[in-house]
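By convention in this document, chain letters (A, B, ...) are assigned in the order of the sequence lines, proteins followed by strands, and residues within each chain are numbered from 1. What you are looking at is a predicted structure, and each value in this text was computed from that prediction instead of being measured.
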2 protein chains.
Amino acid sequence: MSTIAEVAKRAGASTGTVSNVIRGTVRVSPALRARVESAIRDLDFHPNEIARSLKVNQTYMLGMVLPDVTNPFFPLIMRGAEDRALERGFLLVTANTDEQIERERRIVSALRSRRVDGILLTHTGGKDVDHIRRTIESGIPIVCLDRAPVGMKIDAVMLDNVRGAQDCVRHLIRSGYLTIAIITGPLQLGVARERLRGYEEGLREAGIEVCKDLILEGDFRENSGYRLAKDLLLQFARPSAILVSNGVMTLGVLQAFEELGVRCPEDVALATFDDLAGDRAFHPRLTAVSQPGYEIGARGATLLMDRIEGKVTKKPSVVRVAPTLIVRDSTRAQLSPERTPLIRNSDSYQKKALPSS
Amino acid sequence: MSTIAEVAKRAGASTGTVSNVIRGTVRVSPALRARVESAIRDLDFHPNEIARSLKVNQTYMLGMVLPDVTNPFFPLIMRGAEDRALERGFLLVTANTDEQIERERRIVSALRSRRVDGILLTHTGGKDVDHIRRTIESGIPIVCLDRAPVGMKIDAVMLDNVRGAQDCVRHLIRSGYLTIAIITGPLQLGVARERLRGYEEGLREAGIEVCKDLILEGDFRENSGYRLAKDLLLQFARPSAILVSNGVMTLGVLQAFEELGVRCPEDVALATFDDLAGDRAFHPRLTAVSQPGYEIGARGATLLMDRIEGKVTKKPSVVRVAPTLIVRDSTRAQLSPERTPLIRNSDSYQKKALPSS
DNA sequence: TATTTTTATGTCAACGATTGCAGAAGTAGC
DNA sequence: GCTACTTCTGCAATCGTTGACATAAAAATA
């Protein structure tokens, strides 16, 4: 691996001049510049960014900390962030936390040691945010994506979750579904609470009482969707529609539908956050609150780099991006409101009947 | 951001001793070690890996170059690689090429400048592999994943594509499907050619002639699946089964089925490489040649780090991992071999009839 | 032509860690 | 008291760049 000194020797110039040619900051005569450039090509010289980083105290690397890239929502965020980053000469160092706060802490610490210029973080819940605070204090800005730690002034780009859930509930009600259940995410997560709030407000504004038997707390993982959907569908009184708080849980819910022979939307309608499969492949096609993942990543990265470069100096703020409700077959049973089955299919089974709503 | 010198001062020790405590290479008396450790905690000191990298000429970073994380096959590879990397103290720098060789070249160059210790590369086709050769010559090992550049001695971890396609074709034939079409990937890619070869060998060993009208070259993208499936289904003579060379194209194929009202597997059976959705959600459930993405990533990373640490010094070699054929509903029409419709549904339309096979 | 101004290039001390070495200080054995 | 260890300090050199400053050469001005 050649160095600037070797290039300088071969071009008959000084190291300073070579540096000037590379950086393009100081003008160099065309003749010398040409000699230097050809020496660079001949030697296949790649300037050592490590040395440069040490000197100028900037690495042009961004940390990207996600729960799990295997969840199809996150690759979108990654791409959005990466595209913006590459445009501005930054590279992404990525790592997955698997929703474990301890792993998150270790990763953030490793990124600090590597002196990344900033971190895009999808925080794993919990009130343990000391590592975040300290990282920011140490001079490494953090922008949270999709989720933000509660009770902390920090930059974040998030979905307008309340609105997403509320829009969806409105749509369900307008379509004649009045007994609507929700499978939430883990309620220590802000996102999960916001979606629940949107659901509640959607019901309230229609004058429907919120019934806590219809609120089931999941953990955003497939298995909890499966389990809770089974619980729900085996109840004496089935809801007429279910809103699921993320796409991965919905996969579990569909599995439960299948196993119990529940038809969707004829028996129970289904709406979900996240538009995993888009317009295809799922059967039935799912009504979804679509999150603009790419945009979240892109805006987060832009904000972060603007902070790094001092282009943004205002106080931390939360940017909300708008969800899109995509109505598809899973909420399109041909029901007139009158026929809406409040209590249908009294299959025997556990649990008490619902209070009429 | 504090330095080793500040820690030393606060602990009443020398910088060398602090370094020894951090590295753990030289023994330090318990009392001093404790003082140093508490100084580190007090100052929230994170040793500057950049400076260390410069000195020891190793960064503990691995480049991970993929076509597109948004294709659900790649996150699995990423996770496999990352899990192994983190265990051994390496971090991943990831970037997407979007299948553009120029972008791949720029990214590899940026990674070289950053002095990553090695690169995991899913190469975008084309014979332009000079950047790869030169990077390896410069001392940065590369392990190719899933695809390898043709005609080059290089480490690679890949699926046994021939076998995957062949197994699948065998299964189709045994199930009574004798007119089998294939939608291939771009044939300048080795993977695509291998899958095609497996298909051909599967037919040949059953004594079925390979018919080139049944071989359609796609580009591994959704749209080409859609387009080619439409072509195929509008032919005078439909095949009884289609083998699709990757999962993303299959999404397009399903779309085409839907639009044309073609039932699967009753009208045409479908088998695909990649098991995107697993056992759920798709309708019908798809017979798939499943690639162990996680394992490919994990083994690639292990091999790469072994090279970096000099634990492996043998000549470059290609590791083949075994595919798994998962048989599901999309190839389970209740056909007896006799009834197998070779030419069915003579819908008028373009193209000439197939030679009987 | 002499002098000033402008421009192009060379020189060298940092950046923060590692590593090796010379030597100081303390402990232990004889 | 002498020798042999052990543990630590202090110092210097090093990794490859950068960028302020010095200097030389060229151009402009008097």
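- Spacing between atom CZ of B/Arg52 and atom P of C/dT18 amounts to 6 Å, rounded to whole angstrom units.
- Side-chain atoms of A/Asn96 do not come within 3.5 Å of backbone N or O of A/Asp98 as any donor-acceptor pair.
- A salt bridge links A/Arg88 to A/Glu309: at least one charged side-chain nitrogen sits closer than 4.0 Å to a carboxylate oxygen.
- Between the P atom of C/dT19 and the CZ atom of B/Arg23 lies a distance of 8 Å, rounded to the nearest Å.
- A/Ile22 has its CD1 atom 7 Å from the P atom of D/dT17, to the nearest Å.
- Residue B/Arg27 has no polar side-chain atom (N or O) positioned under 4.0 Å from OP1 or OP2 of D/dT6.
- Residue B/Asn48 places its side chain closer to C/dA17 than to any other of D/dT17, C/dT18, C/dA17.
- Shown here for B/Met305 and B/Phe90, the closest heavy-atom pair between the two residues is SD-CD1, 3.4 Å.
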With the criterion being N/O to N/O and under 3.5 Å, what pairs connect the protein with nucleotides 23-27 of chain C, and how long is each?
none

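- Taking all atoms of both residues into account, the shortest heavy-atom contact from A/Met1 to B/Ser138 is CE-OG, 3.5 Å.
- Comparing B/Pro30 and A/Ile4, the nucleotide of DNA chain D nearest to each residue sits closer to the 5' end for B/Pro30.
- Atoms CZ (A/Phe45) and C1' (D/dT17) sit 9 Å apart, rounded to a whole Å.
- Between B/Arg114 and B/Thr59, the shortest heavy-atom distance links the atoms O-CG2, 3.9 Å.
- Listed nucleotides: D/dT18, C/dG16, D/dG16. Nearest to the side chain of B/Ala51: C/dG16.
- Side chain of A/Arg320 to backbone of A/Leu159: a donor-acceptor contact under 3.5 angstrom is found.
- Atom P of nucleotide D/dT17 and atom CD of A/Glu6 are separated by 9 Å, given to the nearest angstrom.
- With D/dT18, C/dT9, C/dT18 as the choices, the nucleotide that has an atom nearest any side-chain atom of A/Val28 turns out to be C/dT9.
- In plain terms, the two heavy atoms of B/Asp117 and B/Tyr60 that are nearest each other are OD2-N, 2.6 Å.
- You'll find that the side chain of A/Ser29 is closest to C/dT9, out of D/dT17, C/dT9, D/dG16.
- Whole-Å rounding puts the B/Asn57 CG to D/dG16 P distance at 7 Å.
- Salt-bridge annotation for B/Arg299 and B/Asp155: absent, with no side-chain N of the basic residue lying under 4.0 Å from a carboxylate O of the acidic one.
- Contact record, A/Thr94 with B/Met78: OG1-CE, 3.6 Å, taken as the closest heavy-atom pair.
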Report each atom pair, protein N/O against N/O of nucleotides 10-14 of chain C, whose distance is under 3.5 angstrom.
{"residue": "C/dG10", "atom": "OP2", "partner": "A/Ser14", "partner atom": "N", "Å": "2.7"}
{"residue": "C/dG10", "atom": "OP2", "partner": "A/Ser14", "partner atom": "OG", "Å": "2.8"}
{"residue": "C/dG10", "atom": "OP2", "partner": "A/Thr17", "partner atom": "OG1", "Å": "2.8"}
{"residue": "C/dA14", "atom": "N3", "partner": "A/Lys55", "partner atom": "NZ", "Å": "3.0"}

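- Here D/dG16 presents its P atom at 22 Å from CD of A/Gln58, a figure rounded to the nearest Å.
- As a whole-Å value, the separation of B/Leu54 CG from D/dT17 P is 9 Å.
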